[in-house]
Protein chains: 2
Amino acid sequence: MPPEKRLAPYGDYSLDAAAGRILARHRDRIRTRKPHVAVAKLARIIEATLKLSNRQGFQAMSLRDLAEAAGLSMGGLYSYFDGKETLLVMILGEVSSAAEGLLAAAPDEVRDDPAAHLAWLIEMHVLLSEAMQPFFVFAYMEAKSFPAPARKRAIASEAATEAIFAKVLAEGAARGVFKIDDPDFAAALIKPLIQDWYVKRPKYAKRGVSAEVYARGVSDFVLRALGAR
Amino acid sequence: MPPEKRLAPYGDYSLDAAAGRILARHRDRIRTRKPHVAVAKLARIIEATLKLSNRQGFQAMSLRDLAEAAGLSMGGLYSYFDGKETLLVMILGEVSSAAEGLLAAAPDEVRDDPAAHLAWLIEMHVLLSEAMQPFFVFAYMEAKSFPAPARKRAIASEAATEAIFAKVLAEGAARGVFKIDDPDFAAALIKPLIQDWYVKRPKYAKRGVSAEVYARGVSDFVLRALGAR
DNA sequence: GAAAAAATCGAGCGAGCGCTCGATTTATTA
DNA sequence: TAATAAATCGAGCGCTCGCTCGATTTTTTC
């Protein structure tokens, strides 16, 4: 089953859907009134922002270049955000909201088995980062230049993800499925393994490793490290 | 044994020593003739660059701010480099040269045992990144904005590190010490675990995890995943 | 301690930045 | 189709950037 299909029951991760959610989240800051116009333009702006930023960094992307890439004028851009920083916040919000929404949605048949739950979390996280790859790369690379509030939210969001892993690990340890001393430490090591998928994507692409193969490989690696295989 | 002590046989990772090597590497671009003056000033410049960059990013650091933090004038700075990009290249070169130099220096008693060799590589890599923490954070965070040639070198340097891991893993697999199908894939997963130490340092500091404890934890995790424990 | 050499200074240059706002075009209404 | 509202435009503003270079200070030489 292709990744979009496996992910599909949990939401729509297309660019337009993301633009729609971003519009809803920032309706008050966006001057364009008609939703279908706003969503379409917003999608082009977000798309162009991700493209330019992931090449040279958000700071180095000029709004003139963005305007040209998105097919708008300088002034036109400012109908969709009230400053460059808001554009950053819009994208970040979409990433963390998508991640939090998905990971909390584990199906019941998986929740009962810590090993299966853990594998599900890893797989879904990887598939999500694949479906929203430019968003995830952006959020990861620009994390250091976040404005203070967004930064705090990003750290909190990552801590929340880690807490989900830690809880499953602790549950598994209690049941004797995982042989580990420190669930929190083990949980901390899982995140970077998932992040490596989208951070070093070209490396894996060159080796012909797909998202599913990567997710499976990481699951196996982690489960063996936890003494579950 | 404290980390500097364990690392000591393999080189001097102090700021002044790094400044000395950087000076030697870029003698032709640096106008200041007297080495002891040049090394001292260069050390202050590098130190200030790492401090300011790791807060807001290299691009966002202005040379005026750098001059003030380093205790020089704008013009004074330009006796030590011929452009902002050169400053970037100087620091990157020091990081990759330190990493490559150290990892190739495994002692003989460790080379014979794949598991010990792997543990040594992981530990030394973590301790090095601890001793040169601002350098490593800088190199990692600014990787995307490298000028093209430096970027290629950084990717090559990372691939070289990974190849060292892969070789040890393949050797261990051949001897039956490691139970793995794909040494290259496993090698790819080790790097992000090491990087997490310096990228997410505050998280581990808050939990009271030291460099040695982290290195040991990662070693154990990896060796179990490889079926060696 | 005067002359020469080395090192440092900092105001000023052109360029590009984020952002604004009155003018203009496009879409909707009656 | 005339009037109104919505959306877009882009030249221009103030500012900061990387960088230069003649003036100045510090160090070395004899």
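Throughout, protein chains are lettered first and strands after them, A, B, ... in sequence-line order, and every chain is numbered starting at 1. Remember, it's a predicted structure, so these values are computed and weren't measured experimentally. Computed from heavy atoms alone, side chains included, the values below leave out hydrogens, waters and symmetry copies.
Between A:Y10 and A:W120, a ring centre-to-centre spacing shorter than 6.0 Å is recorded. Taking the centre of each ring, B:F185 and A:Y214 come in below the 6.0 Å mark.
Taking the six-membered ring where tryptophan is involved, the planes of A:F165 and A:H125 are essentially parallel, since the angle between them stays under 30° and well short of 60°.
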Nucleic acid footprint by protein, nucleotides 21-30 of chain D - heavy-atom cut-off 4.0 Å, B for base, S for sugar-phosphate alone: B-----SS--

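For B:T32, a side-chain nitrogen or oxygen approaches OP1 or OP2 of C:dT8 to under 4.0 Å. Of the side-chain N and O atoms in A:K41, one or more sit less than 4.0 angstrom from OP1 or OP2 of D:dT8.
Salt-bridge formation is not detected for the pair A:R6/A:E212: no Lys NZ or Arg NE/NH1/NH2 atom is positioned less than 4.0 Å from an Asp or Glu carboxylate oxygen.
For A:L77 and C:dC19, the CG to C1' distance is 11 Å, given to the nearest whole Å. Atom pair A:I45:CD1 and D:dT8:C1' shows a separation of 12 Å (rounding to whole Å applied).
Among all heavy-atom pairs drawn from B:F58 and B:E142, the shortest one is N-OE2, 3.0 Å. B:V126 and B:A211 make their closest contact through CG1-O, 3.6 Å (heavy atoms, listed as atom of the first residue, atom of the second, distance).
Residues in residues 73-93 of chain A take part in these salt bridge (charged side-chain N to carboxylate O under 4.0 Å, His left out) pairs, two or more places apart or across chains: A:R29-A:D82. Pairs passing the side chain to side chain donor-acceptor pair (under 3.5 Å) check and including a residue from residues 185-202 of chain B, sequence neighbours excluded, read A:E158-B:K200, A:Q195-B:K200, A:K200-B:Q195, B:E130-B:W197, B:E130-B:R201, B:D196-B:K200, B:D196-B:Y204.
One distance of note links CG of B:L127 with CD1 of B:I122; it measures 11.5 Å at 0.5 Å rounding.
More than 12 heavy atoms of other residues, nucleotides or ligands sit less than 6.0 Å from atom CZ of B:R25.
B:D65 places no side-chain N or O within 3.5 Å of a backbone atom of B:M61 that could act as its donor or acceptor partner.
Near-neighbour residues of DNA chain C inside residues 52-72 of chain A, defined by a heavy atom below 4.0 Å, number-ordered: A:M61, A:S62, A:L63, A:R64. Within residues 79-89 of chain B, the residues that place at least one heavy atom under 4.0 Å from DNA chain D are, in residue-number order, B:G83, B:K84.
No side-chain heavy atom of A:V218 sits under 4.5 Å from any side-chain heavy atom of A:I190.
When the local axes at the two ends of the helix from C:dG1-D:dC30 to C:dA27-D:dT4 are compared, using 5 base pairs at each end, they differ in direction by 10° after rounding to 10°.
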Step-by-step side-chain contact (heavy atoms from CB on, under 4.5 Å) determination, A:S157 to A:E100: CA-CA 8 Å; A:S157 172; A:E100 282 163 28; 3.1 Å; yes

